[in-house]
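For reference, the structure is listed below as structure tokens.
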Protein chains: 2
Amino acid sequence: MRTALLQHIQKFISLEPSEIDIIESCISLSKIKKKEHILKEGQVCNTMYFIVNGCIRQYIINSKGAEQTLQFGIENWWITDQLSYHNHIPSHFYIQAVENTEVIAIEKPILESLLVEIPKLERYFRIVSQKSFGAMQMRIKFLFTMSAEERYHHFNNQFPEFVQRVPQYMIASYLDFSAEFMSKIRAGKV
Amino acid sequence: MRTALLQHIQKFISLEPSEIDIIESCISLSKIKKKEHILKEGQVCNTMYFIVNGCIRQYIINSKGAEQTLQFGIENWWITDQLSYHNHIPSHFYIQAVENTEVIAIEKPILESLLVEIPKLERYFRIVSQKSFGAMQMRIKFLFTMSAEERYHHFNNQFPEFVQRVPQYMIASYLDFSAEFMSKIRAGKV
DNA sequence: AAAAAAACTTGAACTACTTCAAGAAATCAG
DNA sequence: CTGATTTCTTGAAGTAGTTCAAGTTTTTTT
């Protein structure tokens, strides 16, 4: 369903039929298998990914060799390494499918030309990225002000289905505590 | 110097003289005294602030009544509560001048009409906010992977002048450790 | 220049979390 | 359906940081 992206865009701006045609001609759906990587540390990230369905995460490998999830992306989210994408520098991150996932992958040159042809899209990406930034501001707030247990319960209340869908150790690292500690929180042993 | 903003914009897009006139007619410089607030928790944030000179921080008051700095803004940065701004909801944050600061404050209705009049500005804000998001991704990475001492030294290396300029307890909370612990790091007692 | 306020330092006691190691349960591939 | 892999659990020991309280230094105000 390439229309998922078009629908998402049209939540924020309105498109002429001709513009829809142009966009459609530029995008195609790719399937990413569970555990497959679309970006690895050291590569330059040259693509923005719009998630149609499934789940993707951005993670790093820390100094002890453990994976830490920094971000999840689900339906209707964009995911990329913005710094690597904008500055053409090697990425610090891995981006990997958590489930079998369908994305619309847009290469930078294609997206750039699309933005020139349909400048209205600048507005769409401006709004989407400002909102993502807002979400990040809240994330930092939660990380700073809540205990591990509070972060777990808060996340669990906000996204109960998501917690079912995704391995616990990924959620634990996303919330910045160990998988073992999460297990104890869930068992009420803390 | 209202031109600081115009210069910043022109790093990312080019402007016609007529467009510069329009922008200039919409903006004015405000002075904010050290410790003065431009946003308090509970207020709806209806303004974006471009910092011409000085320093501003966004902070919260945590459950123990202590201030925690979530973000600093300096010359050529925009600062606002994006979530409150976009969704018209009460803010979770305080935004306060750390030093006497000059900002260009743009109210939402004015900015919206400016974006309609000069759609090119969408591109400017799109790029700026994607870059800010990228910086935030790196911030989360550092918070997750470095020890308190590493975070201090890293920050100190990246922004040595800044560390001189701003009270230590604000930097400590920005790096997510206590002011006392920072003092011990600096003294090498850790 | 003095007084007041703000910022920084220090050590001792504490605690929220990690790490390790091993086993149990669930899921996946053939 | 079976074995292999991945994920989750549990307890014991350890530690990176916090908290508290008091004193010192620096900055600001008058």
Side-chain angles (χ1 to χ4, degrees), chain A residues 33-37 54-55 57 59-69 72 96-101 142-156 162-190, chain B residues 33-37 54-55 57 59-69 72 96-101 142-156 162-190:
Chain A
K33 285 227 184 78
K34 186 171 174 171
K35 306 224 166 164
E36 195 181 318
H37 285 90
C55 179
R57 66 171 179 144
Y59 71 94
I60 43 133
I61 297 187
N62 67 23
S63 52
K64 282 157 201 140
E67 295 176 1
Q68 285 196 268
T69 299
F72 287 110
Q96 182 197 44
V98 175
E99 310 169 343
N100 292 332
T101 298
F142 294 138
L143 284 171
F144 274 29
T145 57
M146 291 181 178
S147 69
E149 200 177 352
E150 287 168 336
R151 294 198 298 277
Y152 172 72
H153 289 307
H154 180 260
F155 189 78
N156 206 25
F162 189 74
V163 174
Q164 303 309 316
R165 239 167 100 177
V166 167
Q168 283 179 33
Y169 70 88
M170 288 186 194
I171 292 174
S173 73
Y174 177 79
L175 296 175
D176 202 21
F177 45 72
S178 68
E180 292 92 335
F181 196 65
M182 176 149 168
S183 193
K184 283 162 196 170
I185 292 170
R186 285 162 50 90
K189 295 188 178 166
V190 57
Chain B
K33 283 226 185 79
K34 185 170 177 172
K35 305 226 166 163
E36 194 180 320
H37 286 89
C55 178
R57 68 172 179 143
Y59 71 94
I60 44 134
I61 297 187
N62 67 21
S63 53
K64 283 158 200 139
E67 295 175 2
Q68 285 197 266
T69 299
F72 287 110
Q96 182 197 44
V98 174
E99 310 168 343
N100 292 333
T101 298
F142 294 138
L143 284 171
F144 274 29
T145 57
M146 292 180 176
S147 69
E149 200 177 352
E150 288 167 338
R151 294 199 298 279
Y152 170 72
H153 289 307
H154 181 260
F155 189 78
N156 206 24
F162 189 75
V163 174
Q164 302 309 318
R165 238 168 101 177
V166 167
Q168 281 179 34
Y169 71 89
M170 288 187 194
I171 291 174
S173 73
Y174 176 79
L175 296 175
D176 203 20
F177 45 72
S178 67
E180 292 92 335
F181 195 65
M182 177 151 169
S183 193
K184 283 162 197 170
I185 292 171
R186 284 162 50 92
K189 297 190 176 162
V190 57

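Only this structure's heavy atoms are used, side chains among them; waters, hydrogens and symmetry mates stay out.
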Sugar-phosphate only, base, or nothing, as touched by B:Phe181 at under 4.0 Å among non-hydrogen atoms
base
Test: B:Arg165 cationic atom under 6.0 Å from B:Phe162 six-membered ring centre, within 45° of axis:
no
Nearest whole angstrom, please: distance from the [atom2] of [N] to the [atom1] of [X].
X: A:Gln164; N: C:dT27; atom1: CD; atom2: P; result: 11 Å
X: B:Phe177; N: C:dC8; atom1: CZ; atom2: P; result: 13 Å
X: A:Met182; N: D:dG11; atom1: CE; atom2: P; result: 18 Å
X: A:Arg165; N: D:dT7; atom1: CZ; atom2: P; result: 16 Å
X: B:Asn62; N: D:dT18; atom1: CG; atom2: P; result: 12 Å
X: A:Ile171; N: D:dT6; atom1: CD1; atom2: P; result: 19 Å
X: B:Glu150; N: D:dA16; atom1: CD; atom2: P; result: 11 Å
X: A:Glu149; N: C:dT15; atom1: CD; atom2: P; result: 16 Å

Can you tell which of [options] lies closest to the side chain of [X]?
X: A:Glu180; options: D:dT10, D:dG17, C:dT18; answer: D:dT10
X: B:Pro167; options: C:dC8, C:dC17, C:dA6; answer: C:dC8
X: B:Ala187; options: C:dC17, C:dT10, D:dC8; answer: C:dT10

Identify, between B:Ala179 and B:Lys35, the residue whose nearest nucleotide on DNA chain C lies closer to the 5' end.
B:Lys35
Taking the nucleotide of DNA chain C with the closest heavy atom to each, which residue, A:Lys64 or A:Lys34, is nearer the 5' end?
A:Lys64
[X] side-chain N/O to [N] phosphate OP1/OP2 under 4.0 Å:
X: B:Ser183; N: C:dC8; value: no
X: A:Arg186; N: D:dT9; value: yes
X: A:Lys184; N: D:dG11; value: no
X: B:Gln168; N: C:dT9; value: yes

Centroid separation A:Tyr174 to A:Phe155 less than 6.0 Å
yes
Stepwise, does the side-chain contact (heavy atoms from CB on, under 4.5 Å) test hold for B:Met146 with B:Tyr152?
CA-CA 9 Å; B:Met146 292 180 176; B:Tyr152 170 72; over 6 Å; no
Report yes if some heavy atom in the side chain of A:Glu67 is under 4.5 Å from a heavy atom in the side chain of A:Met170; otherwise report no.
no
May I ask you to say whether B:Arg57 pairs ionically with B:Glu99, meaning some side-chain N is under 4.0 Å from a carboxylate O?
no
